[in-house]
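Keep in mind that this is a model prediction, so the values were computed, not measured. Hydrogens, waters and symmetry mates are skipped; everything else that's a heavy atom, side chains included, is used.
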Amino acid sequence: LGDELKCSTPRAQRTGSTMHWKDVYMGLAGMLSPADGLVQEKCDYDLVMPLALLFYYAVLYAPHVPPGSELLLKAASIYHSFLTWPVPYCDIFRELLTFISDELKAPGISFQRLVRTEQGLPVKNYQSSTVTVLLLNRSEVQSEFLSIAEKLSSTEHPRHATLVLLLEHLYQATFGTRCDLDSLHHLLKAKTLEELSEVYVSAAEAQEIAAASSDPVLARERLQCVLRDIAGAAALPAIVGDAQPRRLQPIPIPAARCYTYTWDQDNFGKQRGGPSPL
């Protein structure tokens with residue numbers, strides 16, 4: 001847990017600030033304490049949802065959660081007690097428990113699914129993509145907002161870069177500092193889009209198979225074996241046996257693809273032109 005975590009936010013890049021993974025771990029653990037104490041004791045409905053969302057996004061953005069930390073197991077134990085709360089709280093915590101279960105078996109899979117969904121990159125036999133749509137009536141929207149909408153509709157995150165990002169995240173989430181992320185990045189960038197797509201489909205399907213398993217420990221072991229085989233076949237950096245004294249790197253979620261539609265009347269009438277993807 002002593003691995004350092006290098007921040008990738010614009011502010012961190014400007015100031016050169018860093019933080020230790022231990023601080024991230026302690027922060028996640030600190031989010032569980034209120035839920036395990038006063039929130040349950042006082043049935044504080046105003047606090048329980050923000051705490052749950054904070055924990056969800058903290059885990060979602062965490063570059064790697066060591067399997068031996070027992071953090072997710074503790075969270076599952078605590079949040080299970082909220083299933084007796086009324087709707088919608090019990091439904092939210094049921095979803096949160098599913099999220100924790102998936103992460104225990106296939107680390108980082110929720111991040112992978114989210115980015116695939118928002119970028120329109122479905123994996124065969126698994127999740128389909130969703131589309132984010134802005135419905136605009138130009139006569140009722142401020143010019144500043146229109147300029148932002150036009151910018152969203154005129155730019156697109158390159159698919160090659162998206163696949164590089166997803167593979168970097170997948171390997172770091174699974175292996176932590178045992179994966180040389182810098183070397184992995186350079187080798188992935190040198191591959192063609194077709195080569196990247198082939199590697200990613202195999203890795204993502206292995207992750208989905210792991211998430212569907214019943215035994216978290218066995219699922220993680222099998223996933224690691226498959227990812228090692230995929231890395232070897234694709235001439236990617238070998239995964240070492242022990243954690244290395246290198247920094248974990250947070251990987252940002254790219255902006256979702258977006259389509260804008262305009263219409264002549266308030267009743268969603270005839271559209272002016274087709275969608276423009278982001």
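- Between the side chain of Gln119 and the backbone N or O of Thr162 there is no donor-acceptor pair closer than 3.5 Å.
- For the atom pair CG of Asp180 and CD of Gln244, the computed distance is 9.0 Å after rounding to the nearest 0.5 Å.
- Between Asp215 and Lys105 there is no salt bridge, since no side-chain nitrogen of the basic residue lies less than 4.0 Å from a carboxylate oxygen of the acidic one.
- Closest approach of Pro237 and Ala231 over heavy atoms only: O-CB, 4.3 Å.
- With rounding to the nearest 0.5 Å, the separation of CD in Gln172 from CG in Leu181 is 5.0 Å.
- Nearest approach of Val226 to Ala206, heavy atoms of both residues: CG1-CB, 3.5 Å.
- Aromatic ring centres of Phe111 and Tyr61: separated by at least 6.0 Å.
- Taking a 6.0 Å sphere around CD of Glu198, one finds it holds 12 or fewer heavy atoms contributed by other residues, nucleotides or ligands.
- Between Tyr79 and Phe93, the ring-plane angle classifies as tilted under the 30° and 60° cut-offs.
- Classification of Glu195 and Lys189 as a salt-bridged pair fails, no side-chain N sitting under 4.0 Å from a carboxylate O.
- For the atom pair Tyr89 OH and Leu96 CG, the distance stands at 15.0 Å (nearest 0.5 Å).
- For the atom pair Gln207 CD and Leu166 CG, the distance stands at 9.5 Å (nearest 0.5 Å).
- Scanning both residues, Ala210 and Ala219, for their nearest heavy atoms gives O-CB, 3.5 Å.
- Taking each heavy atom of Tyr171 and Leu227 in turn, the nearest pair found is OH-O, 2.7 Å.
- The CG atom of Asp242 lies 9.5 Å from the OG1 atom of Thr177; values are rounded to the nearest 0.5 Å.
- Rounding to the nearest 0.5 angstrom, the gap separating the CG atom in Leu170 from the CD1 atom in Ile109 is 8.5 Å.
- Within a 6.0 Å sphere centred on CZ of Arg220, heavy atoms belonging to other residues, nucleotides or ligands number more than 12.
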Step-by-step side-chain hydrogen bond (donor to acceptor under 3.5 Å, both in side chains) determination, Glu205 to Tyr200: CA-CA 8 Å; Glu205 288 185 346; Tyr200 182 70; over 6 Å; no

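- When every heavy atom of Leu72 is checked against every heavy atom of Ile100, the shortest pair comes out as O-CG2, 3.5 Å.
- Checking side-chain atoms of Glu168 against main-chain N and O of Gln249 turns up no donor-acceptor pair under 3.5 Å.
- Nearest heavy-atom pair, Pro63 versus Leu248, reported as atom, atom and distance to 0.1 Å: CG-CB, 4.0 Å.
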Start with the C-alpha gap between Gln224 and Thr174, add the side-chain angles, then the distance that decides, and say whether side-chain hydrogen bond (donor to acceptor under 3.5 Å, both in side chains) holds. CA-CA 7 Å; Gln224 290 184 10; Thr174 303; over 6 Å; no

